[in-house]
Amino acid sequence: MERYNFKLVEEKWQRYWLDNKTFKSSKNKNKEKFYCLEMFPYPSGKIHMGHVRNYAIGDVLSRYKTLKGYNVLHPMGWDSFGMPAENAARQNNLNPKTWTEKNIEIMKTQLKLLGLSIDWDREISTCSPEYYKHQQKIFLDLYDKGLVYRKESYVNWDPIDKTVLANEQVIDGKGWRSGAVVERKKLNQWFFKISYFSEELLNDLNDLDNWPDKVKTMQKNWIGKSFGCEIDFKVEGSEKIKSIRCYTTRPDTLFGFSFLALSVDHPLSKLYEKDKDFIDFKEECSKTGTTEESIAQATKIGFKTELKAINPLDNNSKVPVYFANFVLMDYGFGAVFGCPAHDQRDFDFAKKYKLEIKTVVKPLDEKEDYQVGNEAYTGPGVIINSKFLNGLAVPDKSINEAIKILEEKNLGNKKTNFRLKDWGISRQRYWGCPIPIAYDENHNVVKIPEKDLPVMLPDKVDLNTNGNPLDSQKEWRHLNINGKKCTRETDTLDTFVDSSWYFLRFCSAKAQNEPFVIDDIDYWMPVDQYIGGVEHAILHLLYSRFFMRAISLDNKKTGLKEPFKGLFTQGMVCHETYRDENNNWVFPEDVTSEDGENFYLNENPSKKVTVGPSESMSKSKKNTIDPEKIIKIYGADAVRLFILSDSPPEKDIQWSDTGISASFRFLQKFWSLNEKILKNQKKFSLFDEDLEKFTNQIIQKFEKDLDRFSFNVVIASIHKIYTFYNKHINKKDWGTNFYKNYVNILKVINPVMPHFSNECLKKLDQKTDEIKWPAIDKRYLKEENFNIVIQINGKKRKVFSMSEAIDEETLIKNIKKDPQMKKYIDNKQIIKTIYVENKLINFIIN
RNA sequence: GCCCUCGUGGUGAAAUUGGUAGACACAAAGGACUUAAAAUCCUUGCCGCUUGCGGAGUGCCAGUUCGAGUCUGGCCGAGGGCACCA
């Protein structure tokens, strides 16, 4: 019997698909479309298991939908701008472009080994001018729409490398490369006005029915809508300043007001910029680390001014004004009123500076003379000690009433606030999309004319200079626009911009003169199923939602707002971590074990290896498995089968060597089943109803499980199929329907293991092009063997197997006759009987 | 601190609207076949007693229900997100 040679088979079919352009997609308005998209990879060098899992899921879905008769779009591209290229190029003295293009070639080859059903004719790469020229066009379009602006803002500045660092490049307050203490520096930066859509981005989450709730909640919190009131506080003690505006969500606690706190960046700080004590204080504030921990533990410090703020509801109450380190400038107005009794931060601050702590809310179960203890009380209750607000229920009534009164007295206004900040898109980097802007001699912004697009990245740059390499490109920087001397913007775009519209480009990947053709996106968009890692739950997905709205704004031709109709976030691939005696990480392939308990180095079995917990595969911990090596040993179908089995796709999965080899052996077993069937094709004679039932029911289950992404259950069904068919064939139950049903089985497993399925079908002389999902014969879906559970007082005592439906009366008669059941029922009074038709009967007795 | 999710055998898990808990696999043990090995197939969740049967059982404690892994409340534990957002 011929062994299954996955290598030959997989190569053969991959060649066939390529030569025949099997997965080429084109618009067909008579056919329902399905746009399946996985998050495109960054070409870092090689694919990793995370990619394998992501693309296996997407591929199964794409192939399934194709079988179901949809016109499927399943493209792939490269998120190819970004810092790793710049760093790698610097290290190896290469050009980022060369490095990136080489990686793309390698990874493309690896993806093809997986047998993905991708339309490679639509391949795009964001670092290619063919792509970014359109992005520059979109940038200018958004500029014209007023959604792009420039303002001064703070950045993390590395004083040694003279460059801006992203937040994740700042480690313990120091630059990741130079180790220099990072400074806050004000720079002119470009922004997208994502806040223009805050309300919409929040509300429209409600319509995204096919998104995970988790992601929607994360976005909701990120947008952070809060409802409150802006209040002007009159100020005494300075000629220059008469009032300070604050934002609060708790205007009802205004009678507990005991200080007013300002951010050190508040405009009022100008009054103190020559005050040495204030300069020292500001310095002290900036030292508070940037790490989450240090912020959480930071003590609250303040700088007392000579100013007094007046309580708008009680003009006799005058309280000190402080600058305080815990007030943020970019939320609200950079000024807050302090109510220590009912806000923990204010409480901590008041304790430190011995300010009054006046209780104005009491919990419902406390007496009128309630006083807050060692911490602020922020829960619900009733207003006290607050004159005309007393007795109001906290929070809803009290807040609404307080706002009403403030508005009536012209002291404040109802206000909604969002946490979502505008998106800073300037990066002082070389390997990114140039911003198509220049400045004239008076520093005015000048758009690069459309005819001069794309603004090409210069090929030859010195990456070893400090700061942005583009700054030193003298020739490139200077240009004339309409006869005026100008200099180019040297910042490039955040790479998140590249990935905010690539799903549109796939619809018109070859369009020369525009980013996309309206007719194409009308047909293909929105993406029906988007699949990727949960790490992009907020930024990438929110930015894409913003882009879709920004592009559609004032655009009469497309009104699309949501780019992704369905979203699926898959879990990570994990593996145990290994360390040698010197505590260095060791690759799993360099480790061996005979008993599964003690581990040693392959090269030196006397050296013990300690096993750490299983964690998400990462290069730094060396707990990675190279997909290419695994595919070469076990084949793509075995890898696909394994990576989809066992764990539900949204959860993390454990890589296991025994698991992958079991999948491999399973394919071998399935193959020999196929061989047996092939040899005995002529022997089918008897009709077998059980087979018909099994097959139709399992295909139905397949559909249901595929539709709800239960791939692990689908794989379980495949195992069941094998066991069932193998049993039948060993018993020589050659039903006339055996062959037909088996062929249908080969079709439904096709999305999961396409090479294997195609090869088996071919061997049985079946067509492999345009395979259709088999129609289910409804006659066999009806369960005709009824298992009726007999319960006594809700406890299972026996199961009756019936070949046909039975009525309650007969059933009870049978039960009473049953010798096993007799002992439970005889001489007992049946108080109640619960009967679920053909399923269950429950006797309640005493 | 706030928000969200999840707790089921040795392990990954299944159970779609409350109705036979543990499908399907991994590991381990035992068995069949074999001169032997590989491969393949079968059996085994736990505790009792003699095949068979009985008991407990889905993190813990209550509740609703004829019936709860599933619903409600409280507690404990794990993971994730946000983090001085006023």
Side-chain angles (χ1 to χ4, degrees), chain A residues 212-222 224-226 228-229 246-251 253 261 263 288 292-293 295-300 324-328 330-339 342-346 348-349 375 378 417-421 534-535 537-538 596 642 645-648 650-654 656-663 665-666 668-669 672 701 704-705 707-708 710 712-723 726-727 730 787-800 820 831-836 839-845:
Chain A
D213 288 337
K214 183 168 90 172
V215 174
K216 286 192 273 187
T217 315
M218 279 162 73
Q219 292 215 351
K220 193 179 158 207
N221 293 339
W222 187 263
K225 183 177 182 175
S226 77
C229 184
C246 295
Y247 171 76
T248 180
T249 55
R250 293 300 301 275
T253 62
S263 160
T288 314
E292 290 175 2
E293 253 184 307
I295 290 171
Q297 284 160 11
T299 49
K300 296 184 172 42
N325 64 337
F326 65 91
V327 183
L328 304 173
D330 50 13
Y331 186 80
F333 303 101
V336 300
F337 87 76
C339 174
H342 306 292
D343 181 288
Q344 193 56 43
R345 293 155 303 181
D346 297 348
D348 297 341
F349 191 79
E375 51 182 32
T378 54
N417 230 328
F418 292 93
R419 209 190 70 113
L420 181 65
K421 289 168 209 153
V534 73
E535 64 272 21
I538 298 174
F642 171 70
S645 63
D646 287 350
S647 291
E650 68 277 11
K651 285 180 71 173
D652 286 356
I653 190 175
Q654 208 59 37
S656 105
D657 292 339
T658 48
I660 178 70
S661 68
S663 296
R665 283 200 310 272
F666 178 73
Q668 296 290 350
K669 286 182 344 188
S672 47
K701 187 162 164 53
K704 274 188 186 164
D705 291 332
D707 286 337
R708 62 185 182 125
S710 294
N712 52 328
V713 186
V714 169
I715 308 301
S717 294
I718 296 180
H719 281 110
K720 272 188 186 166
I721 285 169
Y722 167 77
T723 310
N726 199 44
K727 255 184 196 155
N730 284 333
N787 288 331
I788 301 180
V789 177
I790 324 285
Q791 295 183 339
I792 305 292
N793 288 339
K795 193 159 179 56
K796 182 185 90 177
R797 290 299 171 187
K798 182 146 192 178
V799 180
F800 272 22
Q820 260 180 293
I831 302 169
K832 195 175 172 186
T833 309
I834 293 103
Y835 178 64
V836 184
K839 213 167 188 181
L840 176 143
I841 188 156
N842 188 7
F843 296 106
I844 311 303
I845 58 178

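Proteins come first, then strands; the chains are lettered A, B, ... in the order of their sequence lines, and each starts at number 1.
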Please identify each residue that fulfils side chain to side chain contact (heavy atoms under 4.5 Å, CB included) with Ile715(A), with sequence neighbours left out.
-> Leu641(A), Leu644(A), Ser645(A), Ile718(A), His719(A), Val752(A)
Result for 5'-nearest mapping on RNA chain B, choosing between Lys214(A) and Asp346(A), is Lys214(A)
Ala716(A) side chain, from C-beta outward: closest of rA21(B), rC84(B), rC24(B) = rC24(B)
Validation row: Tyr247(A), Thr249(A) side chains within 4.5 angstrom (heavy atoms) = yes
Proximity to the side chain of Val799(A) - top-ranked nucleotide from rC4(B), rA86(B), rU20(B) | rU20(B)
Under-4.0 Å side-chain N/O to phosphate OP1/OP2 contact, Arg419(A) with rC2(B) | no
Between Phe333(A) and Val327(A), is any pair of side-chain heavy atoms under 4.5 Å apart?
-> no
Rounded distance (Å) that lies between atom P of rA83(B) and atom OH of Tyr331(A) | 13 Å
Can you sort out the partners of Gln344(A) under side-chain hydrogen bond (donor to acceptor under 3.5 Å, both in side chains), two or more places apart, ordered by chain and number?
-> Asp348(A)
If you look at every strand shown and take non-hydrogen atoms under 4.0 Å, does Gln668(A) touch a base, only sugar-phosphate, or nothing?
-> nothing
So what does Leu328(A) hit on the nucleic acid, given a heavy-atom distance under 4.0 Å: a base, only sugar-phosphate, or nothing?
-> base
Measure the shortest side-chain to side-chain distance between Ile834(A) and Gln791(A) over non-hydrogen atoms and say whether it is less than 4.5 angstrom.
-> no
Calculate the interatomic distance between Ile788(A) atom CD1 and rG19(B) atom P; express it in whole Å.
-> 17 Å
Indicate, with a heavy-atom threshold strictly under 4.0 Å, whether Asn842(A) touches base, sugar-phosphate, or nothing.
-> base
If you round to the nearest 0.5 Å, how far is NZ of Lys220(A) from CG of Asp213(A)?
-> 11.0 Å
Distance, rounded to the nearest Å, where His342(A) contributes NE2 and rG1(B) contributes P | 20 Å
What is the per-nucleotide protein-contact pattern of nucleotides 13-18 of chain B, from the 5' end, where B denotes a base atom under 4.0 Å from a protein heavy atom, S denotes such proximity for sugar-phosphate atoms only, and - denotes neither?
-> SSSB--
Val789(A) vs Lys839(A) side-chain heavy atoms within contact, under 4.5 Å | no
Could you pull out the protein-nucleic contacts involving nucleotides 38-46 of chain B (nitrogen or oxygen on both sides, under 3.5 Å)?
from	atom 1	to	atom 2	distance (Å)
rC41(B)	OP1	Lys669(A)	NZ	3.3

Integer-rounded Å distance: rU65(B) C1' and Gln791(A) CD | 12 Å
What stems, by residue range, does RNA chain B take part in, given at least 3 consecutive Watson-Crick or G-U pairs under 3.5 Å?
-> B:1-7 with B:76-82, B:10-12 with B:24-26, B:28-32 with B:40-44, B:46-49 with B:52-55, B:59-63 with B:71-75
Nearest-neighbour nucleotide for the Val327(A) side chain, rA56(B), rA27(B), rA86(B) considered | rA86(B)
Evaluate the side-chain proximity of Ile790(A) to Ile841(A): yes if any heavy-atom separation is below 4.5 Å, no if none is.
-> yes
In whole angstrom, give me the gap between the C1' atoms of rA23(B) and rG79(B).
-> 27 Å
For Lys421(A), check side chain to side chain contact (heavy atoms under 4.5 Å, CB included) against everything at least two apart and list the hits.
-> Asp330(A)
Which of the following nucleotides, rA86(B), rC82(B), rC4(B), is nearest to the side chain of Thr249(A)?
-> rA86(B)
Looking for any heavy atom pair under 4.0 Å, which part of the strands does Thr248(A) touch: base, sugar-phosphate only, or nothing?
-> sugar-phosphate
5'-most by nearest nucleotide on RNA chain B - Phe418(A) or Ile844(A) = Ile844(A)
P spacing across the pair rC24(B) / rC42(B), given as an integer number of angstrom | 10 Å
Which listed nucleotide (rA25(B), rC84(B), rA27(B)) is nearest to the side chain of Thr658(A)?
-> rA27(B)
Looking only at heavy atoms, the pair that brings Lys300(A) and Phe349(A) closest together is CB-CD1, 4.0 Å
Report yes if some heavy atom in the side chain of Asn842(A) is under 4.5 Å from a heavy atom in the side chain of Val836(A); otherwise report no.
-> no
Taking CZ from Arg250(A) and C1' from rA86(B), how many angstroms apart are they, rounded to a whole number?
-> 11 Å
Min side-chain heavy-atom separation Thr248(A)-Val336(A) under 4.5 Å | no
So do the side chains of Ser661(A) and Arg665(A) get within less than 4.5 Å of each other, counting heavy atoms only?
-> yes
Among rC3(B), rU20(B), rG19(B), the one nearest any side-chain atom of Val789(A) is rU20(B)
Please state the P separation for the pair rU11(B) and rC3(B) - nearest whole angstrom.
-> 32 Å
How far does the P atom of rC76(B) sit from the matching atom of rC60(B), given to the nearest Å?
-> 15 Å
Where does rG54(B) fall, syn or anti, if syn means a chi angle no more than 90° from 0?
-> anti
Once you round it to whole Å, what is the distance between P of rA25(B) and CD of Gln654(A)?
-> 20 Å
Using whole Å, report how far NZ of Lys796(A) lies from P of rG57(B).
-> 15 Å
